[in-house]
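Accompanying notes for the structure given below.
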Amino acid sequence: MGSTAEVKVNRKAAGRIANGHPWIFSSDVVDRGKAAAGDAVRVVDQSGRLLGTAHYSAASQITLRLLSREAVAFDRAFLMERLRRAAAYRAAVVAENECYRLVYSEADLLPGLIVDRYGDYLAVQLLNQGMDAGAGMIVECLTELCAPKGIVARNDVEVRTREALPRETRVLVGEIPVEVSMRMNGLAWHVDLMGGQKTGIFLDQRENYQAAARWARGRGLDCFTCTGGFALHMASRCDSVEAVDSSGAALGIAAKNAASNGIGNVHWMEANAFDLLAGHDAAGRKFQTIVLDPPAFAKSRTAVDGAMRGYKEINLRALRLLERDGVLVSCSCSHHVSEAALFEVIAAAALDAGRTLRVVERRTQALDHPVLLTVAETHYLKCLIFQVV
Ligand code: SAH
């Protein structure tokens, strides 16, 4: 990790760095020198001028991820300082929540490192060879910073394959209970740290749950509910909420969450949301509040066209079910689908459904998942709230 290997990059790469983006692609690397997988290397331009220090990947198309614009060592002191800064920012934005994202990769100037805090436990993701090589040191620093009872590596994600790293879930420190219970937004949540989606639950929607609850009323429908995030927040405002997901395991936890919070007006349904919406439409069912929070339909740029058809379909169907004054909360977590593109597709759906929509809120991921201005990839979640006028 403390290697002083030097990697030479072309002018295009130097330009990217100058414009504030930390990634350098393989095609822009001129000379890899003696760099080995996971090294922190000196990055220089073709005239040998220092551009910064980056983690080197021997496998990914993203060969370099900048850690600093200076010559630094990726050591304990460096990491500790970055982690402390990440923690200080969270202290200002997460209020009394027990679970939140402590480190968000590029947005905390630690590309490839995700750390989610769930009370006494931490879930980490080491998403490139540099962070993977630094696992031991990362664990030491997190232990010093948070004194957790357990740390689990949720390295079971697809991007690790591109880094030639194994996909696995592994307990790194202490013990991880089968399920932990914690408080978020004043409600109790059961979290499956070893097997739940993402690192357990969807922390990025935390503030959007509260926004949806402020608008919710009447009969509610939460499509793609997973462990019940939106549905359980809406329950106190709605007469009843129907909550749908295709994952029986997620719904099992959702039902437990409802019970722990004494919520009895949410009806959990295991179904394909597309079919369910179509069925409700055919049956003439009506709702006052509908949430759509589908999985990332566009995982890559090439999947965008198909994704847009998916967004159009669910939004069109949802809009046909909404009564006048009804509220639609429509989300997309695909980075490749911009807010403008989502607006466009919902506008087309509204036109087809014969509905006129007022935009009442334009939201994004919770503040503990900050967006770095010059790194567009850090902005992925859109949560748009509309009212049928
Ligand atoms: N709203 C949730 C997160 C949703 S993630 C929350 O705040 O916690 C997307 C969810 O969609 C996953 O739980 C997944 O199981 C579910 N899903 C994927 N395809 C589906 C489909 N066709 N019909 C219903 N649910 C689906």
Side-chain angles (χ1 to χ4, degrees), residues 97 99-101 116 118 123 154 156-158 182 184-185 187-193 195-213 216 220-235 241-258 260-261 263 266-281 289-299 303 306-307 309-318 321 328-335 337 363-366 368-369 380-385:
N97 288 293
C99 43
Y100 53 88
R101 178 149 294 186
D116 287 341
Y118 291 93
R154 287 297 304 268
D156 50 327
V157 282
E158 204 269 327
M182 52 201 49
M184 174 178 70
N185 292 345
L187 293 170
W189 302 87
H190 296 273
V191 182
D192 173 3
L193 289 172
Q197 299 197 35
K198 292 237 189 173
T199 60
I201 58 175
F202 289 82
L203 302 169
D204 51 3
Q205 291 281 26
R206 190 181 57 250
E207 295 160 9
N208 298 329
Y209 295 147
Q210 294 174 310
L221 176 61
D222 179 13
C223 294
F224 311 94
T225 190
C226 197
T227 51
F230 282 101
L232 295 170
H233 281 83
M234 285 154 56
V241 182
E242 199 173 284
V244 189
D245 202 279
S246 56
S247 162
L251 290 173
I253 298 186
K256 271 201 196 159
N257 287 338
S260 300
N261 292 293
I263 294 171
V266 182
H267 309 289
W268 308 103
M269 299 185 57
E270 187 175 337
N272 180 324
F274 287 83
D275 298 342
L276 180 113
L277 287 166
H280 281 353
D281 189 17
T289 313
I290 300 183
V291 174
L292 301 173
D293 184 21
F297 288 152
K299 292 218 162 72
R309 282 192 294 277
Y311 288 117
K312 169 101 185 263
E313 181 175 341
I314 54 172
N315 281 280
L316 170 61
R317 292 201 185 280
L321 302 180
L328 173 68
V329 179
S330 189
C331 308
S332 164
C333 56
S334 304
H335 156 68
V337 175
R363 309 183 56 87
T364 181
Q365 61 235 33
D368 52 338
H369 298 57
Y380 64 97
L381 185 61
K382 277 73 59 185
C383 173
L384 307 177
I385 310 185

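Owing to the predicted nature of the structure, the values given are computational and were not obtained by experimental measurement. Just so you know, ligand 1 is whichever comes first in the structure, and atom 1 is the first atom listed for that ligand.
For atom 20 (C) of ligand 1, the closest heavy atom belonging to the protein is S246 OG, 3.4 Å. Closest protein heavy atom to atom 3 (C) of ligand 1: D293 OD2, 3.3 Å.
Ligand-side atoms of ligand 1 in range of N272: 22 (N), 23 (N), range being under 4.0 angstrom from any heavy atom. Annotation for ligand 1: atoms under 4.0 Å from non-hydrogen atoms of S247 are 15 (O). When each atom of ligand 1 is checked for a heavy atom of T225 under 4.0 Å away, the hits are 1 (N), 2 (C), 6 (C), 8 (O). Set against the non-hydrogen atoms of F202, the atoms of ligand 1 under 4.0 Å away are 3 (C), 5 (S), 6 (C), 8 (O). Under a 4.0 Å criterion applied to the non-hydrogen atoms of Y209, ligand 1 contributes the atoms 6 (C), 7 (O), 8 (O). Heavy-atom proximity to Q197, at under 4.0 Å, picks out these atoms of ligand 1: 12 (C), 13 (O), 14 (C), 15 (O).
The nearest non-hydrogen atom to atom 10 (C) of ligand 1, considering only I314, V329, D275, D245, comes from D245. When the heavy-atom distances from atom 21 (C) of ligand 1 to F224, F230, W189 are ranked, the shortest goes to F224.
The closest approach between P295 and ligand 1 falls below 4.0 Å for a heavy atom of the residue. Taking a 4.0 Å cut-off on heavy atoms, A271 registers as neighbouring ligand 1.
Ion pair R309/E313 not flagged as a salt bridge, since none of the NZ, NE, NH1 or NH2 atoms sits closer than 4.0 Å to an Asp/Glu carboxylate oxygen. In summary, K198 and D116 do not engage in a salt bridge, as defined by a charged side-chain N under 4.0 Å from a carboxylate O. The existence of a salt bridge linking D368 and R206 is confirmed by a sub-4.0 Å separation between a basic side-chain nitrogen and an acidic carboxylate oxygen.
At a 3.5 angstrom cut-off on N or O pairs, A273 counts as close to ligand 1.
Put simply, OG1 on T227 and NZ on K256 are 12.0 Å apart, with the number rounded to the nearest 0.5 Å.
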Run the numbers on Q205 and Q365 for side chain to side chain contact (heavy atoms under 4.5 Å, CB included), then give the verdict.
CA-CA 6 Å; Q205 291 281 26; Q365 61 235 33; over 6 Å; no
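Side-chain N or O atoms of S247 include one that pairs as donor or acceptor with a backbone N or O of A250 at under 3.5 Å.
Note on ring orientation: taking the six-membered ring where Trp is involved, the planes of F224 and F274 are perpendicular (angle over 60°, cut-offs 30° and 60°).
Results of the side-chain contact (heavy atoms from CB on, under 4.5 Å) test with L221 over V241, L321, L292 single out L321 as the only residue that passes.
Checked by atom type, the side-chain pair Y311/S330 shows no donor-acceptor distance below 3.5 Å.
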